[in-house]
Amino acid sequence: MSERTHTCGALRTTDMGSEATLMGWVHRVRDLGSLIFVDIRDRYGLTQVVARDDEALLAQTKRLRPEYVIAVSGTVERRSDDTLNPKIETGEIEIAIRELTVLSEARRPPFQIADENPVSEDLRLKYRYLDLRRDRMQRNMQLRHRVLMAARRSLDEQGFLDIETPVLAKSTPEGARDYLVPSRVHPGEFFALPQSPQIFKQILMIGGMDRYFQVARCFRDEDLRSDRQPEFTQIDMEMSFVTQETVFAAVERLMQAMFAANDESIVTPFPRLPYAEAMDKYGSDKPDLRVEMAIVDVSDVFAESSFRVFRDAIAGGGAIRALVVPGAGRYSRSQVDKLVDEAIELGATGMVWARRGPEGDVQSSILKVAGADTLGRLLDSAEAGADGLVLVAAGAPHEASALLGKMRLRLAAREGLIDERCRALTWVVDFPMFEWSETEGRHMSMHHPFTAPRDEDRDRLDTDLGSVRAKAYDLVLNGSEIGGGSIRIHEQPLQRRIFELLGISDEDARSRFGFFLEALEYGTPPHGGIALGVDRIIALLAGEPSIRDVMAFPKTAAAVDLMTGAPSTVDPHQLRDLHLEPTPER
RNA sequence: GGGGUCGUAGUUCAGUUGGUUAGAACGCCGGCCUGUCACGCCGGAGGUCGCGAGUUCGAGUCUCGUCGGCCCCGCCA
């Protein structure tokens, strides 16, 4: 067998007259009797080859079926002007086959490769090797490669060292459920697959590596979503002797490089939005800022109003918040009522609306009880305009905003206010250090327990935990959290104090990460970093709704690999080696 | 753990108030065709209606259970 001379996307008119050998998959056969066209496909493209004039060759070509792997040799010919195909890169040439070899036959595929029609996802996953041949996955895998290579180049240029950390690791404190790996050598003991290389990267800073990155696989044994898989990839970074601003600058430069790999340019620096403001104005810590539609506080309007429900809510420490939906002022009464139903489905006890009618008159679900004056002031204060619908929610400030935040996302999409090409990148900063956990009955770290508090909030660690802000930040793209990080604690006493506040006992802390506390005592540089969700970023760049479509071998929502059948039962001998016993079937 | 939704030919789907032989398109197989490129034309094969019970004279259709895909809530520092 002769060597491949070109890929299926390579030949041009400049190759005219030369001999070429292509290898690839039979994409499509067009059999015209004594003239047969075959499209041969590989990762690089599609080339039309043609069999004619030779009875034996025609007979052989007739036997080709979709997805056979073939080698064809022949002369590159320029197509006549009336048979050019502008739809493919190689459309000005074709190969007149002299020799055809079937390298491998193929069973009839369970779905058509040469077809962009949708195929159910379970079939795609079971036959992933066939799905990967299709244009969509070819494009996505190539995009993923380009983006990751650009990221590695950018980080290398910025002085980061690519360092690998263990996959067989120690269970991290708090956080998600771990995937555990039993130790054969140490009966009853387990490794944990890392949820992130958090402690290792901080120890690399203590180890003087100054700037570290890793394209790291992370594992979390939690339920899946379209943007969550049990194993996923992060660009994990850590930097020494830096402030938050230095981390931001490095990440912004990195993000620019990654977007450039998809021929997109983005503006830096990214805007910064304090957490509290995000929660108030957008009802979310990951606001989609492709559309403004900010939620406003209108408590003032109702503080003295005749509408008791709102007056009481304010008196009880709550707030009245309003969202203007541009264009929704022309909704029919029943459409507006449906919005109220939607709000109730989202868990609201109710939702009030108001707008101006065609004559400038005030219309509202509470017109009679609140009065036209108050509602007129509401419409002015919220800047509803002529065709804006104002939705109003009452309750605890964050809850009122959270409800309107959900309505904001739905209605912005429904009203076509979101530009799909827009890339809204934002830093959300000043996260709270702690949040109260009802289930645990104690404060938990909002980010993780190694996060440093803001200097000016530090003295409130003793008095008012809930108000302490952290040097923690998230990176948000189009309403999706694509990264999160913080400046870490580099002083051992403070770290010890934080564990104490989190209700982690000295003994507990020592046994779980005493090694880390000890490391902090040997000269720790101030440091901080971030982890970026590679799968999510690439899915957004590719315009894919699920990260599964930018991963070669993802798992289903039930955390199963449909192709390999993992997870599966194992041989009893393996269990015995690992000192495990099967539990009785339930 | 909870909720929603889908499961019919190889694939994507349609299938009316429960009623005779379950359809379409694409694909597949065969035939014809020397300029196609989603080739065209003619013909053909192909179904455990996810699985199991139940209701009924009769179930793709209704009920219950179960399995699987997807989406969401909880969960995910």
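Quick note on labels: first sequence line is chain A, next is B, and so on, each numbered from 1.
Residue contacts shown for A/Ala114 are absent, as no nucleic acid heavy atom lies under 4.0 Å away. Residue-level contact check: A/Glu94 touches the bases, meaning some heavy atom is under 4.0 Å from a base atom. Among the protein residues, A/Leu46 comes within range of no part of the nucleic acid, since none of its heavy atoms lies under 4.0 Å from any strand. Within 4.0 Å (heavy atoms only), A/Leu84 reaches at least one base atom of the nucleic acid. Residue contacts shown for A/Glu121 are limited to sugar-phosphate atoms, with no base heavy atom under 4.0 Å away. The residue A/Arg28 sits close only to the backbone: its heavy atoms come under 4.0 Å of sugar-phosphate atoms, none of a base. Within the nucleic acid shown, A/Asp82 has no heavy atom closer than 4.0 Å to any nucleic acid atom. Within the nucleic acid shown, A/Asp223 comes within 4.0 Å of at least one base atom, counting heavy atoms only. Using a 4.0 Å heavy-atom criterion, one finds that A/Arg548 contacts the sugar-phosphate atoms exclusively. Among the protein residues, A/Ser226 comes within range of the sugar-phosphate backbone only, with heavy atoms under 4.0 Å from sugar or phosphate atoms but none that close to a base. Using a 4.0 Å heavy-atom distance criterion, A/Arg225 is classed as a base contact.
Atom C1' of B/C29 sits at a distance of 28 Å from the matching atom of B/G7, rounded to the whole Å. Across the C1' atoms, B/C49 and B/C13 are found 13 Å apart, a figure rounded to whole Å. Rounded to a whole angstrom, the distance from the C1' atom of B/U8 to that of B/G47 is 8 Å. Nucleotides B/U36 and B/G46, compared at atom P, are 35 Å apart to the nearest Å. Between the P atoms of B/C72 and B/G30, the separation comes to 45 Å (whole Å).
Taking the six-membered ring where tryptophan is involved, the planes of A/Tyr275 and A/Phe431 are tilted, since the angle between them lies from 30° to 60°. Taking the six-membered ring for Trp and thresholds of 30 and 60 degrees, A/Tyr127 and A/Tyr129 have ring planes more than 60 degrees apart, a perpendicular arrangement.
Closest to the A/Asp31 side chain, of the nucleotides B/C28, B/G74, B/C33, is B/C33. When the nucleotides B/C37, B/G69, B/C76 are ranked by their closest atom to the side chain of A/Thr83, B/C37 comes out on top. Comparing atom distances between the A/Asp115 side chain and each of B/C26, B/G30, B/G74 picks out B/C26 as nearest. Side-chain proximity of A/Asp53 to B/G10, B/U36, B/U34: nearest is B/U34. Here the side chain of A/Leu562 is nearest to one of B/C76, B/G69, B/C28, namely B/G69. For A/Val119, whose side chain is taken as the heavy atoms from C-beta onward, the closest listed nucleotide among B/C37, B/C70, B/U11 is B/U11. Closest to the A/Pro66 side chain, of the nucleotides B/U36, B/C37, B/C28, is B/C28.
Figure legend. B/G40 is base-paired to B/C32; pairs are counted as Watson-Crick or G-U wobble with both atom distances under 3.5 Å. The nucleotide B/A53 finds its pairing partner in B/U63, both defining distances of the Watson-Crick or G-U wobble pair being shorter than 3.5 Å.
Separating the CG atom in A/Asp508 from the CG atom in A/Leu502 is a distance of 11.5 Å, to the nearest 0.5 Å.
Interface remark: the A/Arg79 side chain does form a donor-acceptor pair with the B/C37 base, using a distance-only criterion of under 3.5 Å. Side chain A/Arg228 to base B/C76: a donor-acceptor pair is found below 3.5 Å.
Checking the phosphate oxygens (OP1, OP2) of B/A38, a side-chain nitrogen or oxygen of A/Lys87 falls inside 4.0 Å. For B/U34, one of the phosphate oxygens OP1 or OP2 lies less than 4.0 angstrom from a side-chain nitrogen or oxygen of A/Ser34. Not one side-chain nitrogen or oxygen of A/Ser120 sits closer than 4.0 Å to the OP1 or OP2 atom of B/G69. At B/C39, one or more side-chain N or O atoms of A/Arg30 fall inside 4.0 Å of OP1 or OP2 (strictly under the cut-off).
Residue whose closest nucleotide on RNA chain B sits further toward the 5' end, between A/Lys555 and A/Pro109: A/Pro109. Heavy-atom distances to RNA chain B give each of A/Ser80 and A/Phe111 a nearest nucleotide, and the one nearer the 5′ end belongs to A/Phe111.
One interatomic measurement links the two molecules: CD1 of A/Ile88 to P of B/C39, which rounds to 12 Å at whole-angstrom precision. In this entry the distance linking OH of A/Tyr68 with P of B/C28 reads 12 Å, nearest Å.
In summary, A/Glu116 and A/Arg134 do not engage in a salt bridge, as defined by a charged side-chain N under 4.0 Å from a carboxylate O.
In this structure, the ring of A/Trp25 has its center no less than 6.0 angstrom from the ring center of A/Tyr68.
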